[in-house]
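Below is one structure, written out as structure tokens; comments come after it.
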Amino acid sequence: MNRRHFNSIIAGGLAATVVPPRWLRAQADLRVSGDRLTAHLTALAEFGKNPEGGVSRVAYSNYDRDARAVVLDWMRAAKLEPSVDFAGNIIGRRAGKESELKPLLFGSHIDSVPQGGNYDGDVGSVAAIEVAQTFAEHNVVTRHPLEVVVWQNEEGGLFGSRAVSGQLTAAELKTVSNSGKTIEQGIAFLGGDVSKLEQVKRAKGDIACYFELHIEQGGTLEAGKIDIGIVEGIVGIKQWEVTVTGFANHAGTTPMNQRHDAMLAAARFVEMVNRVVRSVPGRQVGTVGRIQAFPGAPNVIPGKVVCTLELRDLDDAKIDVLYGRIKAEAKKIGDQNGTQFDYNELHVNVSAPSDPQMRKIIADAAGVLKLSSRVMPSGAGHDAQAMAQIGPMGMIFIPSIGGISHAPKEFSRPQDIANGANVLLRSVLAADQAL
Ligand code: GLV
Ligand code: MN
Ligand code: MN
């Protein structure tokens, strides 16, 4: 049997006239354990659990560290050989039959946003381990070496995956993360070593491909009653810290027409960002997600405000155009009350299209499993966009109930999670043959 024939059986269904050998039929029937997926997700949800539901398991917190220890155990049980790389990523390796082939990667992340949910990242991480465990239990040996990856600090800005794709800059290591630790300190906390980050970098062509299963985080699949989303591309994301400088003065004695109120300018800025982003057609989004006034007292006119600005779109050039317009409008706001706007770029995730061959593999896998699917963009950032810099990338989405994510009420149904994991499993097998 040649490879194309094999592939059509694994990914695209069985040609009517051909009877495949028993070992191949066994692979076509492989399914993950939905019960084990649920048990692992339930166990992960204990780390950083919040009383209102969901978790606050921000990267480099004790909860993050403790959950990662459990992930290492699960990887060992799945007969993977796990280790922590110099960037703090967990990589579980499994040998392939053809050791000269580049590794085939799949995984996700287990860090969360503050007050996040139990599914973002967790689903793709436990599913990746589950796929490996299913292979181990059924003695499936792939051609390619496999690497199941749990990336560190996805939520802060894809720090682990961008270290591997070579996009992480030295300056970013000083960024203070949500845990209070800098990226540098956080990487050391997880067992990495920033002095050796060069060694984790991989060049284009160093991986066979990368797959990631993830919850949609929007409501498209649920609303359309569609089982599987095939990601066509992941948005580019740019974030800045914006400092508005005015003049702090007495809130009782300074007349209203003599104030250089940084908070007032910042309020106008928030409204203006929304207006500018909505002023052109498209799916672009813009957000001011954090804001702090200084000195921060009821009886002092704020002399300084520090806030964030985030812009996202599939087209990085459009982000730049919007940013230019926002800066010009902010200058006008500042001129009105004698305040000044300054911008410090926090980080950039460049947009990434998925690979057409990976999309086809995922679509075929869904079809064979009799799951409905549609091609769709991802408005959320993912480690997959860093991996797209170094190899073919494919992403699988499953429905998020109510389109809620980055919130305690984030939920995906166990059946959808098992469906997604089975699509991942078949996609890995198909790519293993096709590449
Ligand atoms: C990650 O979840 C992001 O889209 O910010
Ligand atoms: Mn995520
Ligand atoms: Mn997220």
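Everything numeric here is computed off the predicted structure, so don't read it as measured data. Counting starts at 1 for both ligands and their atoms, in listed order.
Within the 4.0 Å heavy-atom cutoff, H382 does not count among the residues contacting ligand 1.
In this structure, K331 forms no cation-pi arrangement with F341, as its terminal cationic atom is not both closer than 6.0 Å to the ring centre and no more than 45° off the ring axis. Taking the ring centre of Y60 as origin, the terminal cationic atom of K181 falls outside the region bounded by 6.0 Å and 45° from the ring axis. A cation-pi arrangement is found for R162 relative to F159, the charged atom lying closer than 6.0 Å to the ring centre and inside a 45° cone about the ring normal.
Taking a cutoff of 4.0 Å between a charged side-chain nitrogen and a carboxylate oxygen, E310 and K238 do not qualify as a salt bridge. A salt bridge is absent between R268 and E271: the closest approach of a Lys/Arg side-chain nitrogen to an acidic carboxylate oxygen does not fall below 4.0 angstrom. For D432 and R426, the salt-bridge test fails: no basic side-chain N is under 4.0 Å from an acidic carboxylate O.
Every atom of ligand 1 is numbered from 1 in the order shown, and the set under 4.0 Å from a heavy atom of E154 is 1 (C), 2 (O). Numbered from 1 in the order shown, with element, the atoms of ligand 1 that lie under 4.0 Å from a heavy atom of A380 read 4 (O).
The distance criterion of under 3.5 Å between nitrogen or oxygen atoms is met by H406 with respect to ligand 1. Ligand 1 has an N or O atom lying under 3.5 Å from an N or O atom of R312, backbone or side chain. Taking distance alone, with nitrogen or oxygen atoms compared against 3.5 Å, I237 stays at or beyond that limit from ligand 1.
For E155, the N/O/S atom at the shortest distance from the Mn ion (ligand 3) is named OE2.
Among the backbone and side-chain atoms of H382, none of the N, O or S atoms lies under 2.8 Å from the Mn ion (ligand 2).
Every residue two or more places apart in sequence or in another chain that forms a ring-ring contact (aromatic ring centres under 6.0 Å, His included) with H382 is listed here: H214, F397.
Angle OD2(D120) to the Mn ion (ligand 3) to NE2(H406), rounded to 10°: 90°.
Considering only non-hydrogen protein atoms, atom 1 (C) of ligand 1 sits nearest to E155 OE1, 3.3 Å.
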